[in-house]
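This structure is a prediction, so every number in the text was calculated from the model and none was measured. Order of listing sets the numbers, starting from 1, for every ligand and every atom in it.
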Amino acid sequence: MKIIVCEDYDEVSLRASEIISKGIKEKKDIKLGLATGSTPQGVYQNLIKMFKRGELDFSSVSAYNLDEYYPIRKDDNQSYAYFMKDKLFSHINIKPENIHIPSGEAKEPAKECEKYDSALECAGGVDIQILGLGINGHIGFNEPADELIANTHLTPLTESTINANSRFFESIDDVPKFAITMGVGSILSAKSILLLVTGKNKHKALMATLKGTLSTSTPASVLALHKNVTVICDKEAYYGDAV
Ligand code: F6R
């Protein structure tokens, strides 16, 4: 694993957006694996600025999102479909048919999960997968548990994740209790992975991820199995209270 320790959130966002923009310039039809949440928003803002300056063209780029709450309507302003449109897609020239997000509206979630894995397989895996890290060590919504699931699946969210995500909702009771998420195998099928981690509250999970031992209690530890992972973190996440 390559580890880049940055001064702060802005530098993390800058370093990640430089890698992604280089990827887009080198391969026009690049396949990007995208995440939601607070961490990648600075990256998305940088990519939008580069697009507006005419430096990037997304017309052949495809996007595959990690996860979506279940059940949720696409036009619900808490859905990840809405988040991606609001924070990135509506500001760039990506084609709607090149956007892939598991559907929170699917009547049969198991079929939706199979369909999503087939789409990822047809794509040959994404070229660059962006990941955030849960305070509990999750990636996507692969939560700490006795077992980790390889493929895209429907999963209950843990109390820790529901609490962490309640900051986006009016009340904790409004936070969905389930999500469809790419599994750890689907994530590891990416050609390269960028794990972005900022803030002291991620320090413990980051250290458990970087340990080099695999544990289902820190799902992100499976990243040790991948040959092309770059961790871009800030000092607070890397050094914790020692900063
Ligand atoms: C989001 C996702 C999650 C987040 C993680 C960190 O699509 O899959 O794993 O990346 O919960 O969230 P933030 O960035 O809000 O701290």
Return the closest protein heavy atom for atom 11 (O) of ligand 1 as residue, atom name and distance. His138 NE2, 2.6 Å
Are Glu18 and Lys22 close enough for a salt bridge, meaning some N to O gap below 4.0 Å? no
Following the transitive rule for hydrophobic clusters with a side-chain heavy-atom cut-off under 4.5 Å over Ile, Leu, Val, Met, Phe, Trp and Tyr, establish whether Tyr44 and Leu194 coincide in one cluster. yes
For residues Leu32 and Ile20, determine if any side-chain heavy atom of one lies less than 4.5 Å from a side-chain heavy atom of the other. yes
Going by the angle between their ring planes, with limits at 30° and 60°, are Tyr64 and His100 parallel, tilted or perpendicular? parallel
With rounding to the nearest 0.5 angstrom, report the OG1 to OH distance, Thr152 to Tyr116. 7.5 Å
So OH of Tyr239 and SG of Cys233: to nearest 0.5 Å the spacing works out to 8.5 Å
For atom 1 (C) of ligand 1, the protein heavy atom that lies nearest, with its residue and separation: Thr36 OG1, 3.1 Å
Ligand 1 and Ser38, any nitrogen or oxygen pair closer than 3.5 angstrom? yes
Just checking, is any N or O donor in the side chain of Asp76 or Tyr69 under 3.5 Å from an acceptor N or O on the other one? no
Between Leu133 and ligand 1, which residue portion shows a heavy-atom distance shorter than 4.0 Å: side chain, backbone, both, or neither? backbone
Closest non-hydrogen protein atom to atom 8 (O) of ligand 1, residue and atom name please, with distance? Asp67 OD2, 2.5 Å
Counting only heavy atoms, which portion of Leu66 has something under 4.0 Å from ligand 1: side chain, backbone, both, or neither? side chain
For Glu68, which part has a heavy atom under 4.0 Å from ligand 1: side chain, backbone, both, or neither? neither
Does ligand 1 have any atom that is closer than 4.0 Å to a heavy atom of Gln41? no
At under 4.0 Å between heavy atoms, which part of Thr39 makes contact with ligand 1: side chain, backbone, both or neither? both
For Arg167, the atoms of ligand 1 under 4.0 Å from one of its heavy atoms are 13 (P), 15 (O), 16 (O)
Pairing of Lys115 and Glu112 as salt bridge, 4.0 angstrom limit: yes
Out of Gly37, Gly132, Gly134, Gly140, indicate the one that has the non-hydrogen atom closest to atom 3 (C) of ligand 1. Gly140
What protein heavy atom is closest to atom 16 (O) of ligand 1, reported as residue, atom name and distance in Å? Lys202 NZ, 2.8 Å
